[in-house]
Amino acid sequence: MKNNKIEVLKMASEYIVELKIGIKKAIEYFQDGRENEACNLIIYITEGIQWLSDAIKLTLDIQKEPITVNIMNQKLEEILEAFENSDYILVGDLFEYEILPIIEEIDEKINKTINDE
Amino acid sequence: MEHNNNSNDYTVVTSKDGKLILRVTKASKTVYLGSFYSVARDIDQLIGQLEEIKPYDIIIIFGIATGEYLGKLREILFEHNRVLIFEPDEKILADFLASKNSELINIDDKIKLFKFNVDNNSLKEILNFQINDYELEQIKFAFYANYNSVYGEELSEFLDELKLTISAGYVDRVTRLVHSKRWFNCFLRNIKFMAESTPTDYLKDVFKNKPAIIVSAGPSLEKNVHKLKKLQDKFVIITGGRTLGTLLNEGVKPDFLCVVDPVENTYTLVKDLLEYNTPLVFYEGSNPDVVNQHKGKKIYFTGNYFTNEILGKEVKTLAYGGSVAHTCMGLAVHLGCDPVIFIGQDFAFTNEKLHASNAIHEEETNNADNTEGNIFVDDIFGNKVRTNAMHNEFRRKMESLIQIFKDVTYINATEGGANIKGTKIMTLDEAALSIEIDKFSKDIEQYLIKNDDVKLEKIIDKFSETLECMIDLKKECKKAIGLSEDLKQYFENRKKVDVIKINEKLDEIDQKLNKAFKEFAFIQFLLYPTTQYVLGNQKFLVLPDDAENIAGKKIALRVRALYKGILKVIDEVVPIINKYVFNK
């Protein structure tokens, strides 16, 4: 069971690489005023973050340092509010300054757990 | 993240990077005007839009927000750059003006801030005054942060108006220069007088805070011109040509005579009065006979950038368009005068007259009955007075000037005529009583010196170099026309030519043309409108669906039209320069 959970974390770590690329691309589009292209990516990004959250919840018991997703969920709420206000600069900023650092921190913690096995 | 729970529409908060940023609620949506996380990035993006700023560029910016970009903007400005900022939101403008950052606008004249109104013509007026048609190539535009989405509609209107004004400027310029030989002749004759005259810059603030009276020839002048004799020692008196004789007959010695029109009548009105030593204020478009025969000191301003290049000196302009009254007003402001009082400034056919009876010469008629124009405007008493489109436009331009130079008090002491917005209405007696001033010295002899850097020989040399360049360009034009014909034959009839080599040669000629534009502002001024007209012409535009031969033919025709147009202008202009500059 533990081995399966380690595999999930390894998959999550690999997936985070792709997720970060997608987020950075979306940030670039938002900052360039290309909201339509950015919004096309958002669907995949939010699905990806959801999968990541699920993977983290599933593997909580084997994590060396417990990873929490509360702050990320908070920031996602703020992103939603910014979307509703059509404040796309804020959407891009929240991804750049809040979500990306959280994902990087999650990646570090995941790799700590994987490397300690 | 800080969120201000204030229910106001506008909230200023501190961004994550420690700068002020606005949060605006518009149409039930609340957005930041810019990046809450990095205002510094917004500022860098604004500066980035402007690319490399050149020393005489005019920068137009849409959106002031909190003005946080002003500091960095100032750092990259050269001495002669000007910045015009237009803010579409009244509340944002008002809040900014009350803020500390507004001090960055008031340091000097470089940066000016205006309210942009979608529904009226004020933008056109402001642009027409702030941007001379010779400066059209020097305009750079940027919008701040996300003004393009938050104020997208306003920005779109603004850009439409900006494009119209720029196009109109090009048309005016082409019309004026290519079709107005008179103006061009004036320019070539007057520029030589500038070498012996005083530039307007030397007179900045020489009458700081002294009151000025601008004397115009409207019908109401009859009411109060006779009162000037007693007042003249306490006011700077500035007149146009038509009222010079009127004043002298009343025993009034004006301090400045402004002459800006090139027409024959301008000379007729003053020809018998040119031995008086009233300093003459002129520019390159003034009637050259007046300038030549005037015996007193002369002061010049320039109305074109290329004039400055030929003189080798940048000079403060008073070319505010419209009538000579606008130049007189510009002069008063430049001299530092405050308040500025208008008399005879009717802008209307008061009592159905064209001018004051004592401001016409014997061959002129003064009855306005047969004058076309049935526009009725508010007069100073709240009634209506008849005017025409020209006077009405002059009045509106004057009102725009008053808005632009808003730190001065303006008094309309015409005692009749159309109401001029921005002025206080008084009689001349009331105006004189309201100002506590003693007689003051009007001796400005020390300032009326020529600029030793502006020499006639240098002017002649500059024209020689310019002519040489134009003659070289003429040869290149003929080559290019020949090459374009070969290209056309290739695309039409498959004539055997080396298309690659032709294009290479055309590129070389194009580079020579651009080099000439860079080195000679006068050549750019003369030829740039032709290039813009041809390059923007729909019939030469290559469309995505065009077949290769159609596209090729269009390009060939465009090249031909371009160089034929340039050749035509050169052929017209060279003999005129030879005649008036080199007496050939």
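Values reported hereafter were calculated over all heavy atoms of this structure, with side chains retained and with hydrogens, waters and symmetry mates removed. Remember, it's a predicted structure, so these values are computed and weren't measured experimentally. A note on names: the letters A, B, ... follow the listed sequences, proteins ahead of strands, and every chain is numbered from 1.
- Other residues, nucleotides and ligands place no more than 12 heavy atoms under 6.0 Å from the CG atom of A/N36.
- Closest non-hydrogen pair, B/R23 versus A/E81, comes out as NH2-OE2, 4.3 Å.
- What you find for A/L90 and B/Y37 is that their closest heavy atoms are CD1-CE1, 4.1 Å.
- No more than 12 heavy atoms of other residues, nucleotides or ligands sit less than 6.0 Å from atom NZ of A/K10.
- Contacts between A/E96 and chain B at a heavy-atom distance below 4.5 Å involve the side chain alone, from C-beta outward.
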- side chain to side chain contact (heavy atoms under 4.5 Å, CB included) assessment of A/I89 paired with B/Y32: CA-CA 8 Å; A/I89 294 185; B/Y32 287 99; over 6 Å; no

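- For the atom pair CD of A/E84 and OG1 of B/T30, the computed distance is 11.0 Å after rounding to the nearest 0.5 Å.
- Residue B/S149: no heavy atom, backbone or side chain, is found under 4.5 Å from chain A.
- Within a 6.0 Å sphere centred on CZ of B/F78, other residues, nucleotides and ligands contribute more than 12 heavy atoms.
- Atom CG of A/L58 has more than 12 neighbouring heavy atoms from other residues, nucleotides or ligands inside a 6.0 Å radius.
- Heavy atoms of other residues, nucleotides or ligands lying less than 6.0 angstrom from NZ of B/K54 number 12 at most.
- Formation of a donor-acceptor pair under 3.5 Å by the A/N85 side chain with backbone atoms of B/V31 is not found in this model.
- Sorted by first and then second residue, the pairs that involve residues 36-62 of chain A and meet salt bridge (Lys or Arg N to Asp or Glu O under 4.0 Å), not counting sequence neighbours, are A/K5-A/D61, A/R34-A/E37.
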